[in-house]
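Each chain gets a letter, A, B and so on, in the order the sequences are listed, and its residues count up from 1. Values in this document were obtained by computation on a predicted structure and should not be read as measured data.
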Protein chains: 2
Amino acid sequence: MYKNLRNHIESIVPLTDEEYTLVSSYFKIKFFKKHQFMVTEGELTSYNYYLVSGLTKLVYTDASAKQHILAFAMEDWWDTDYQAYFTQTKATLSLECLEDTQALCITLSDFHELCGALPKMERFFLEKVTRGFLASQRRILSLLTTSVQERYEQLIVQHPALLQRVPKTQIAAYLGVSREALSRLGPK
Amino acid sequence: MYKNLRNHIESIVPLTDEEYTLVSSYFKIKFFKKHQFMVTEGELTSYNYYLVSGLTKLVYTDASAKQHILAFAMEDWWDTDYQAYFTQTKATLSLECLEDTQALCITLSDFHELCGALPKMERFFLEKVTRGFLASQRRILSLLTTSVQERYEQLIVQHPALLQRVPKTQIAAYLGVSREALSRLGPK
DNA sequence: ATGAAATCGTGACCGATGTCACAGGCTGTA
DNA sequence: TACAGCCTGTGACATCGGTCACGATTTCAT
C-alpha cells in the first residue's frame, strides 16, 4: 500500500519490496478535514508529513494578526514546521488544511532510525532537502528581484491549478502583498 | 592540516584520524584575491567551496544590470551556485570575493564519491543542507513580514562585523532596497 | 602626489502599495 | 427563505521606496 510514497521515493532511489516494507513501517496514515491544523503555532511538532492528497498552507501569523504564507503543499509534497520539527521546539508556524487531506507522517526519532537502518533513505532525504533548499533560494531571489505582478504571472504559469483551489487573499499572502494590491493588477 | 574543516565537520559527526585523512583527500585548496570570481555567471560551476578565510558575496545580476545579493559568506561557510553545481548547468549567479579568500573545494563527483565512501559524510551534509534550508525559510519569512528597517536592525545585531567589512551599497542589495533608501533610515 | 573611482548622504519627484471603507455576489446553514 | 460569513473589486488617501541628480569625502592605483 501507499503506492504514492513508494513511487515518490523510487523516483530518486530504487527500493526492493523488503526495503519498502521497512520504510512504510515507520509511517502512520492520518486524515484531516478542511480547516484542521496539522501543526499548530505554539505547540510541539511531532511529525513530518508526506501528503498523499489534499492541499495545505504553511502560515506565519505576525503580531498584528496578519497571515503570511510560506508555502502551499499538495500531493507528493513534504511539509511541516521544519524548524520546530528538527529542533523539537514549539512551532512558530501553523500548517492548516485548505481541503480534506491525507498524509503519511513520521516522528523525528523514527526519521533518524530509518536513516540509520537504511542508508538509502539518508540519500533520498539529502536529495529532497537539497531540492527544497534550492527552491527556497529561488523564492528569495524572486522576492528580491521581481515585482508583484511578475511573481503573480509566474505563479499562474507554474501552478495554474492553485488559483482554482485557493482564494486570492491567500495568494496575496503568499506573494507578499495585500489582497487589494493583487486585485488591482488582475483586470489589466 | 585544514584544522578548520575538521573542527567544522566534527561539530556534527566525530571522525577518526584515518577518516579525516580520507575526507581531506577529496578537497583542494584555492586562493582568490579581492574582486576575483569563484563562480562566474554563464559558466559551469565545478566546485562547492568551504571558506577557510575571507569574505564573499553570492550575487544575481538582473536584466538592468542591478545586483541582488543572495548571501554573504565568510569563514566556516559553504558557498557556491548550488543550482548550477548540483545540476551541472551554467551558473545564473556569481560568487565574488569581497576580500582575499582561501577556500577548500570539492567537485560534484568527488562529493558523491565521498558520501559513498563514508556514510558519515552523508549525514553531515544532510545536516548542513537542512540548516541552510531552514536559514532560507527564515529569510523568506523576514522578507515577507518585516520592514527594511527591521531587517537592517536584525542584520546589525546578528552580523555586526559585516557592516565594518562591506559597503552600504552591498548591504542594501542584500536587504532588497536601494542604497538611498537604506541611507535615509540610518540617522533615524 | 595626483587624478579616477568608489562611497555616502541628501533633496526632489513620482509611482507603487498599504490601509480603510464600502458594496455586490456567492455559499452554507438554520 | 433569510441570514451570516466569505470573497472580490474599487475608490480615497497617506506613506514608503525607486529613480535621478548633486556634492563631499574617502579610497585606490598609477
(request) Check DNA chain D against residues 168-180 of chain A and give the residues with a non-hydrogen atom under 4.0 Å, in numerical order. (result)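 By residue number: Lys168(A), Thr169(A), Arg179(A), Glu180(A).
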(request) Could you identify which residues of residues 54-70 of chain B place a heavy atom less than 4.0 Å from some atom of DNA chain D, listed by residue number, or say none? (result) Lys66(B)
(request) Determine, step by step, whether Asp76(B) and Tyr50(B) satisfy the side chain to side chain donor-acceptor pair (under 3.5 Å) criterion, reporting the C-alpha distance in whole Å, the side-chain angles of both residues, the deciding distance to 0.1 Å, and the verdict. (result) CA-CA 7 Å; Asp76(B) 253 7; Tyr50(B) 166 78; 2.4 Å; yes
(request) For Ala117(A), check side-chain contact (heavy atoms from CB on, under 4.5 Å) against everything at least two apart and list the hits. (result)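 Residues passing side-chain contact (heavy atoms from CB on, under 4.5 Å) with Ala117(A): Leu22(A), Tyr26(A).
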(request) Give the rounded distance in Å between these two atoms: CZ of Arg184(A) and C1' of dG11(D). (result)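 Going from Arg184(A) (CZ) to dG11(D) (C1'), I get 9 Å.
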(message) Using only atom types and a distance under 3.5 Å, with no angle test, would you say the side chain of Asp81(B) pairs donor to acceptor with the backbone of Leu93(B)?
(response) yes
(request) Mark yes or no for whether Asp100(B), through its side chain, and Lys34(B), through its backbone, hold a donor-acceptor pair below 3.5 Å. (result)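 Answer holds: yes.
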(message) Between His8(B) and Phe124(B) (judged by ring centroids, cut-off 6.0 Å), do the two rings come close enough to count as a pair?
(response) yes
(request) Give every residue pair that meets the salt bridge (charged side-chain N to carboxylate O under 4.0 Å, His left out) criterion with at least one member in residues 50-66 of chain A, sequence neighbours excluded. (result) Lys57(A)-Glu96(A)
Tabulate atom names and distances for all N/O pairs under 3.5 angstrom spanning the protein and nucleotides 28-30 of chain C.
none

(request) Compute the bend angle of the helix from dA1(C)-dT30(D) to dA30(C)-dT1(D) from the end axes (five pairs per end), rounded to 10°. (result) 50°
(request) To the nearest 0.5 angstrom, please state how far the OG atom of Ser183(B) sits from the CD1 atom of Ile171(B). (result)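 Those atoms lie 13.0 Å apart.
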